[in-house]
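Values in this document were obtained by computation on a predicted structure and should not be read as measured data. Numbered from 1 within each chain, the chains take letters A, B, ... in sequence-line order.
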2 protein chains.
Amino acid sequence: MIKNDIVLAIEKKTDFSAAKSLEIVEAILKALKDALADNSKVEIRGFGSFRVVAKKTGYGRDIRRQKQIHITQGKRIKFRCGQELKTIAPKSE
Amino acid sequence: MIKNDIVLAIEKKTDFSAAKSLEIVEAILKALKDALADNSKVEIRGFGSFRVVAKKTGYGRDIRRQKQIHITQGKRIKFRCGQELKTIAPKSE
DNA sequence: GCTTCCATGATCAAGAATGATATTGTTCTG
DNA sequence: CAGAACAATATCATTCTTGATCATGGAAGC
């Protein structure tokens, strides 16, 4: 699934044009990115939650030289799926 | 940020009513959940990607009895943030 | 606004994933 | 279509995740 599929989903669900749907998707993405940039956690009941956590792993490796690299302390965005996703995710495969 | 904030973001970006915006958000969430339930990866350039991966960790623990629990092989939904989120995520804190 | 239900935190152990980097191929997006 | 972003890979050490359970804070429905 790509961004266009989400746009199509909105089109099917509503009666908006493709351009309008795309605008909505981008607005949501922008809102999400803005919230995550602000270190806010995003919590959607029944779906999942995004949390910005500090990276604690301070080691990397350059395979070309096999030397260790000190990883700058940054952040990670972690997504934890909610109850509904937990139910559907482990479906038969 | 909660679901309502996303709804508000749509309202601000567009001129839809709150009910309409909520309908859109739920439509997107449903589409996402449906795709993830189908083991499809969701990839949004510039934002991030969801991937359904098989759980490989086969051990858990019951803290009340301190006994190991064999974890049923299920699935996990992994989210990897894209370049744009990588840029904003490690912002000064 | 209130209530209900969901998510989180902590814990414990062991296995697994992450992180950086460069390259290549894929594919998403404008 | 063209361009850029993303996946995969190998590497190794460190951190983290997973599972269940209880309490609590918080989201969401009414």
Side-chain angles (χ1 to χ4, degrees), chain A residues 1-8 18-19 21-23 25-26 29-30 33 35 40-90, chain B residues 1-8 18-19 21-23 25-26 29 33 35 39-90:
Chain A
M1 166 182 265
I2 57 180
K3 192 194 287 183
N4 194 44
D5 292 312
I6 302 178
V7 174
L8 290 177
S21 303
L22 178 61
E23 185 183 349
V25 172
E26 293 198 33
L29 290 179
K30 185 190 175 303
K33 283 186 285 192
S40 306
K41 72 175 174 186
V42 180
E43 187 170 333
I44 308 294
R45 283 293 172 90
F47 183 72
S49 57
F50 297 89
R51 285 186 302 170
V52 183
V53 294
K55 276 192 298 187
K56 288 170 193 145
T57 319
Y59 256 86
R61 184 155 267 259
D62 184 347
I63 54 168
R64 292 181 49 216
R65 298 179 183 284
Q66 292 185 314
K67 66 179 177 185
Q68 295 86 343
I69 300 170
H70 184 255
I71 297 176
T72 312
Q73 288 295 302
K75 292 183 183 176
R76 273 181 57 209
I77 294 177
K78 217 167 52 168
F79 172 76
R80 179 178 288 191
C81 52
Q83 196 184 44
E84 214 166 327
L85 272 187
K86 279 180 188 168
T87 308
I88 63 176
Chain B
M1 166 181 267
I2 57 180
K3 192 195 286 184
N4 195 43
D5 292 312
I6 302 177
V7 173
L8 289 177
S21 302
L22 179 60
E23 186 183 350
V25 173
E26 293 197 32
L29 291 179
K33 283 186 286 191
N39 290 322
S40 306
K41 72 176 173 187
V42 179
E43 189 170 332
I44 308 294
R45 284 292 169 94
F47 182 74
S49 57
F50 298 89
R51 285 185 302 171
V52 184
V53 294
K55 276 193 298 188
K56 288 171 193 146
T57 318
Y59 258 85
R61 180 154 270 257
D62 184 348
I63 54 169
R64 291 180 49 210
R65 298 181 183 285
Q66 292 184 313
K67 66 180 179 184
Q68 295 87 342
I69 301 170
H70 184 257
I71 298 173
T72 313
Q73 287 296 303
K75 292 184 183 173
R76 273 182 56 209
I77 294 178
K78 217 167 50 170
F79 173 75
R80 180 178 288 191
C81 54
Q83 197 183 44
E84 212 167 328
L85 273 186
K86 279 180 189 169
T87 308
I88 64 175

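Between R80(B) and R51(B) the shortest side-chain heavy-atom distance falls below 4.5 Å. Two residues are said to be in side-chain contact when any heavy atoms from C-beta on lie closer than 4.5 Å; K3(B) and L29(B) meet this criterion. Contact annotation: the side chain of F50(A) never approaches that of L85(B) to less than 4.5 Å [non-hydrogen atoms, C-beta and beyond].
Counting to the nearest Å, the P atom of dT29(C) and the CD atom of Q83(B) are 14 Å from each other. Residue K75(A) contributes atom NZ, which lies 20 Å from atom P of dT18(C) at whole-angstrom precision. One can place CD of E84(A) at 13 Å from P of dA28(D), the figure rounded to the nearest angstrom. The separation between M1(B) atom CE and dA28(D) atom P is 11 Å, rounded to whole Å. Between the CD atom of E43(B) and the C1' atom of dA5(D) there is a distance of 8 Å, given to the nearest Å. Atom CZ of F79(A) and atom P of dT18(C) are 15 Å apart (whole Å). Atom NZ of K78(A) and atom P of dC16(D) are 8 Å apart (whole Å). Nucleotide dA27(D) holds its P atom 16 Å from the CZ atom of F50(A), rounded to whole Å.
For the pair S49(A) and R80(B), nearest-nucleotide mapping onto DNA chain C gives the more 5' position to S49(A). Between N4(A) and G82(A), the residue anchored nearer the 5' end of DNA chain C, judged by the nucleotide with its closest heavy atom, is G82(A). Along DNA chain D, the nucleotide nearest L22(B) and the nucleotide nearest R51(A) are compared for position; the residue whose nucleotide lies closer to the 5' end is R51(A).
Residue K41(A) is classed as having no contact, given no heavy-atom separation below 4.0 Å to the nucleic acid.
The shortest distance between the side-chain N/O atoms of K3(A) and the OP1/OP2 oxygens of dG30(C) is below 4.0 Å.
Listed candidates were dT17(D), dC6(C), dT29(C). Nearest to the side chain of R45(B) is dT29(C). Residue I2(A) has its side chain nearest to dC28(C) when only dC28(C), dA28(D), dT17(D) are considered.
Screening I2(B), D5(B), I6(B) for a side-chain contact (heavy atoms from CB on, under 4.5 Å) with I44(A), the sole residue that qualifies is I6(B).
Here Q83(A) contributes atom CD and R45(A) contributes atom CZ; the two are 10.0 Å apart, rounded to the nearest 0.5 Å.
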